[in-house]
There are 2 protein chains.
Amino acid sequence: MTFPAIEVSQTPESKFREYLATRPKPQRFTDQQRDLVKYIFSRHTHFDADQLLEDLKIAQLNISRATVYRTLSKLVDAGLLRRIELNGRMCYEHDYGYPQHDHLVCESCHKMIEFLTPELDEMLRQVSAQHQFQMTGHTLIIRGTCIECNRARGAKRKLDRI
Amino acid sequence: MTFPAIEVSQTPESKFREYLATRPKPQRFTDQQRDLVKYIFSRHTHFDADQLLEDLKIAQLNISRATVYRTLSKLVDAGLLRRIELNGRMCYEHDYGYPQHDHLVCESCHKMIEFLTPELDEMLRQVSAQHQFQMTGHTLIIRGTCIECNRARGAKRKLDRI
DNA sequence: ATTCTTGCAAAGCCTTTGCAACTGC
DNA sequence: GCAGTTGCAAAGGCTTTGCAAGAAT
């Protein structure tokens, strides 16, 4: 993990069960949902629906595409996952037990680097206030090239010159 | 316009022609492209491909969907338009002759409000430097409710209580 | 004359949805 | 047993693309 986890009193599974039970229309907790929550919270990565589906297959967990999409939505609603829009597709990351942060995204290797910015919140609040805007959330992504890809590129340029 | 325009020495059309001529493989400047550039720069709005297509129809300019998409891409490459990803679709706005800024997006009426933040650039630079990250651009969107929608909502709540 | 662009329709990509079978409570 | 969930395949929304006809240089 990039940052120390936040202390939480419940497991992701119990938090999810609580969410399901608490909805206006109570929802059920199924085997597929249990497996998904367990799998997703067994590692700290950014992933999209497709990657997750592949990884689940490798892990011998047979859960259909439709169920994966439906469960991801519920997990976002439940506050267990955060959704990030990136290059026209949805990316997910842990929300529960993990501090709010933003991302540097490498356009070469697509790595996501997390960063914390206490000043940013203050800035967002000020801007919103100036426009009498009721902020509910924000998205900040810094695009560019990570240090590894930059080095690789530099090395390649050197080779090209020989 | 929300902000004063930047002084530019060329018209959007001539800048585009220059871009087309300067590419490794020179590209042609067609009637459809001319009409599109003229139309797009005749007003300062945020728009997506679909809205543009509708507006073009109203303006009696018959340009096919494919050509609109293809030309929008070229205009982005040429530095005439900026592309903003929003709710799974692409939005466009003037780049040439207009200062770099970020957006507040109302989730109720989908209005986009532009704002300038000198401090932000410094912050982004610092974060990038800390991670030895070569920044090429960023996206910052503040989501929430604009003042008009907030008022409307308040009014509705009042009515509901009667 | 050559090569690039257009317009059409078809395909692509990611995500959502209708429906019959199934399952948690 | 009833209401909500699954899996499948089909549909949806937006964008891209193959190809023949047309236009720019």
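Letters go in sequence order (proteins before strands), and every chain restarts at 1.
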Protein-nucleotide distance (K25(B), atom NZ; dT25(D), atom C1'), rounded to Å: 17 Å

H110(A) (side chain) donor-acceptor with C106(A) (main chain) under 3.5 angstrom: no

Phosphate OP1/OP2 of dT15(C) contacted by Y69(A) side-chain N/O (<4.0 Å): yes

Atom pair distance, as rounded to whole Å: CG in D35(A) and P in dT6(D): 11 Å

Sugar-phosphate, base or nothing in reach of N87(B), heavy atoms under 4.0 Å: nothing

Backbone of T30(A) reached by a side-chain donor or acceptor of Q33(A) within 3.5 Å: yes

Phosphate OP1/OP2 of dT5(C): any Q33(B) side-chain N/O under 4.0 Å: no

Between dT5(D) (P) and R17(A) (CZ): distance, integer Å: 13 Å

Phosphate OP1/OP2 of dT5(D) contacted by Q32(A) side-chain N/O (<4.0 Å): no

First encountered from the 5' end of DNA chain D, between G88(B) and D31(B): G88(B)

T30(A) vs dT5(D): side-chain N/O to OP1/OP2 distance below 4.0 Å: no

Short side-chain N/O contact from R28(B) to OP1 or OP2 of dT25(D), under 4.0 Å: no

Between C1' of dT16(C) and CZ of R70(A), the distance in whole Å: 9 Å

Short side-chain to backbone donor-acceptor contact, T67(B) and I63(B), under 3.5 Å: no

Rounded distance in Å - CD1 (I84(A)) to P (dC14(C)): 17 Å

Nearest-Å distance for atom pair CZ/C1', residues F29(A) and dG4(D): 15 Å

Flag, side chain of S128(A) to backbone of L124(A), donor-acceptor distance under 3.5 Å: yes

Check against side-chain hydrogen bond (donor to acceptor under 3.5 Å, both in side chains), Q51(B) and Y92(B): CA-CA 11 Å; Q51(B) 285 166 247; Y92(B) 299 84; over 6 Å; no

Short side-chain N/O contact from K74(A) to OP1 or OP2 of dT5(D), under 4.0 Å: yes

Shortest side-chain distance from S64(B), nucleotide among dG7(C), dG4(D), dG7(D): dG7(C)

Proximity to the side chain of R65(B) - top-ranked nucleotide from dT15(D), dT15(C), dT2(C): dT15(D)

Comparing C91(A) and A66(B) on DNA chain C - which has the more 5′ nearest nucleotide: A66(B)

Integer-rounded Å distance: dT15(D) C1' and R83(B) CZ: 10 Å

hbond_proxy R23(A) side chain to dG4(D) base (donor-acceptor, 3.5 Å cutoff): no

5′-ward residue of the pair A49(B)/I63(A) relative to DNA chain D: I63(A)

Passing candidate, ring-ring contact (aromatic ring centres under 6.0 Å, His included) with H94(A), options H101(A), H44(A), H46(A): H44(A)

Selection from dT15(C), dC25(C), dC8(D) that lies nearest to any side-chain heavy atom of M90(A): dT15(C)

Gap between atoms CZ and C1', on F47(A) and dC14(C) respectively (whole Å): 16 Å

